[in-house]
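Taking it in order: structure first as structure tokens, then the write-up.
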Amino acid sequence: MKDIILIAPPAAGKGTQSKLLQEKYHIPHISTGDLLRTATEQNELGDIVKKAMETGTLVDDEIVLKLLETRILKNDCQNGYILDGFPRNIKQAESYLKLLNKLNRPLGDVIYLDASKETTMKRIVGRLSCPTCGAVYNDQIEENKPKRFGTCDICNGSLRKREDDNLETFNKRYKTFMEETYPLVDFFKAKGCLFIVGSGISKERTFNEIEKIINRG
Ligand code: AMP
């Protein structure tokens, strides 16, 4: 199976689709955010990295590249992997191509999950979750609203909003994405490996489209 790189604006469904792909195709989901979190928890990386992660700025490319190289050399990546959160910008994409060249590994498919700013904004700003049972709702999307305002349908718990799920944080993340990461769409298009999938309707529909791409002849 080819490696898969998922690129998407915040809340376009990258995490969800990665999980679905991992379950169905038994290839690992590699999130550079998770790799960095694990490394900082194990004290392998210093305070500078922790600070960058806390403030949402990018960690030094060399550190991310090194962690990624170590991860993709593991046995479970032999049959492919799903890359989520990397590359974040053109410079990282160029370094990644050099790494693949060194490892003699083809690039694979790059899939852009396309969802409008309005859709992703509603997903983030309207997100509510139940601290008791973990159920997730959305008060801006009709079909995901709880039946009773502020109350969990499953366990009657009081629903909560995450502090960083607000319009200001969303706008900041979206702007960074458009400025730094979105140019990768043209970068990979020029390499002939880019596919665009609409991710604004349902996760099932999006997954179906992704499967058509990765299973094409
Ligand atoms: P994420 O889990 O993808 O939201 O990433 C969490 C944080 O990890 C980001 O805000 C960055 O500080 C760092 N990070 C994740 N991926 C990268 C990357 N490709 N390059 C640099 N920093 C990254």
Side-chain angles (χ1 to χ4, degrees), residues 1-10 12-22 25-40 44-45 48-49 52-53 56-115 173-199 206 209-217:
M1 177 150 203
K2 285 183 179 174
D3 297 337
I4 303 166
I5 297 181
L6 293 179
I7 297 176
K14 224 160 13 100
T16 306
Q17 296 302 325
S18 297
K19 197 159 164 264
L20 292 171
L21 284 164
Q22 178 175 29
Y25 293 94
H26 309 290
I27 51 172
H29 166 210
I30 304 177
S31 141
T32 44
D34 287 347
L35 288 182
L36 285 162
R37 269 184 288 276
T38 306
T40 51
E44 285 166 16
L45 296 177
I48 297 174
V49 173
M53 292 184 74
T57 50
L58 288 188
V59 173
D60 183 69
D61 289 349
E62 255 183 61
I63 294 175
V64 184
L65 247 300
K66 192 71 218 150
L67 282 174
L68 185 62
E69 177 171 0
T70 308
R71 180 66 189 89
I72 63 183
L73 283 171
K74 291 199 171 150
N75 270 346
D76 63 341
C77 291
Q78 269 177 10
N79 292 325
Y81 52 78
I82 307 139
L83 198 47
D84 159 9
F86 185 95
R88 284 278 224 276
N89 53 38
I90 302 268
K91 196 161 153 261
Q92 288 191 352
E94 282 166 345
S95 307
Y96 182 62
L97 293 182
K98 278 192 203 136
L99 173 64
L100 292 179
N101 206 20
K102 182 176 101 177
L103 303 178
N104 205 10
R105 191 171 183 125
L107 173 59
D109 294 332
V110 181
I111 301 178
Y112 178 63
L113 300 181
D114 190 20
R173 286 177 64 197
Y174 193 84
K175 185 168 178 278
T176 307
F177 172 81
M178 288 312 286
E179 285 173 2
E180 303 232 353
T181 311
Y182 188 73
L184 290 173
V185 169
D186 280 341
F187 178 89
F188 286 118
K189 212 183 261 174
K191 309 237 169 277
C193 58
L194 185 93
F195 298 86
I196 298 179
V197 169
S199 188
T206 305
E209 291 302 308
I210 293 178
E211 285 198 285
K212 278 190 209 153
I213 293 164
I214 62 177
N215 294 323
R216 71 195 183 283

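We use all heavy atoms of the structure for the numbers below, so side chains are in, but hydrogens, waters and symmetry mates are not.
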Residues two or more places apart in sequence or in another chain: which of them pass ring pair (Phe, Tyr, Trp, His ring centres under 6.0 Å) with [X]?
X      : value
Phe177 : none
Tyr182 : Tyr112
Phe86  : Tyr96

Report the distance from atom [atom1] of [X] to atom [atom2] of [Y], rounding to the nearest 0.5 Å.
X      : Y      : atom1 : atom2 : value
Ile111 : Cys193 : CD1   : SG    : 10.5 Å
Ser18  : Leu6   : OG    : CG    : 4.5 Å
Ile213 : Leu194 : CD1   : CG    : 9.0 Å
Asp114 : Phe195 : CG    : CZ    : 15.5 Å

Output all residues satisfying side-chain hydrogen bond (donor to acceptor under 3.5 Å, both in side chains) with [X], sequence neighbours left out; order by chain, then residue number.
X      : answer
Lys19  : none
Asn104 : none
Glu179 : Lys175
Asp84  : Lys14, His29

Next item on the list: Would you please test Phe187 and Leu97 for side chain to side chain contact (heavy atoms under 4.5 Å, CB included) and show each step?
Entry: CA-CA 12 Å; Phe187 178 89; Leu97 293 182; 3.8 Å; yes

Item checked: Under-4.0 Å salt bridge between Glu94 and Lys91 -> no

Return all side-chain donor-acceptor pairs below 3.5 angstrom for residues 64-77, not counting sequence neighbours, or 'none' if the list is empty.
{"unit_1": "Glu69", "atom_1": "OE1", "unit_2": "Lys102", "atom_2": "NZ", "d": "3.4"}
{"unit_1": "Glu69", "atom_1": "OE2", "unit_2": "Lys102", "atom_2": "NZ", "d": "2.9"}
{"unit_1": "Thr70", "atom_1": "OG1", "unit_2": "Lys66", "atom_2": "O", "d": "2.9"}
{"unit_1": "Arg71", "atom_1": "NH1", "unit_2": "Asp76", "atom_2": "OD1", "d": "2.9"}
{"unit_1": "Arg71", "atom_1": "NH2", "unit_2": "Asp76", "atom_2": "OD2", "d": "2.7"}
{"unit_1": "Asn75", "atom_1": "OD1", "unit_2": "Gln78", "atom_2": "NE2", "d": "3.4"}

Over all atoms of both residues, closest heavy-atom pair of [X] and [Y]:
X      : Y      : answer
Pro87  : Ile5   : CD-CG2, 4.0 Å
Pro28  : Gly80  : CD-O, 3.4 Å
Gln92  : Arg88  : OE1-N, 2.9 Å
Ile214 : Met1   : CD1-CE, 3.4 Å
Ala12  : Ser199 : O-OG, 2.5 Å
Leu58  : Ala52  : O-CB, 4.1 Å

Margin query: Just so I know, are the side chains of Ile27 and Ile4 near enough to count as touching, which here means a heavy-atom distance under 4.5 Å?
Written below: yes

Checklist line | Student check: side-chain heavy atoms of Met53 and Arg37 closer than 4.5 Å | finding: yes

Partners meeting salt bridge (charged side-chain N to carboxylate O under 4.0 Å, His left out) with [X] (sequence neighbours left out):
X      : answer
Asp186 : Lys189
Asp109 : Lys2, Arg216
Glu44  : none
Lys191 : none

Note to self: Counting only heavy atoms from other residues, nucleotides and ligands, does the tally under 6.0 Å from CG of Asp34 exceed 12?
What the structure shows: yes

Next item on the list: Would you mind telling me which of Ile82, Asp3, Leu35 makes a side-chain contact (heavy atoms from CB on, under 4.5 Å) with Ile30?
Entry: Leu35

Margin query: Exactly one of Thr206, Thr16, Ile7 should register a side-chain contact (heavy atoms from CB on, under 4.5 Å) with Leu113. Which one does?
Written below: Thr206

Check: Thr40 side chain to Leu45 main-chain N or O, any donor-acceptor pair under 3.5 Å?
Finding: no

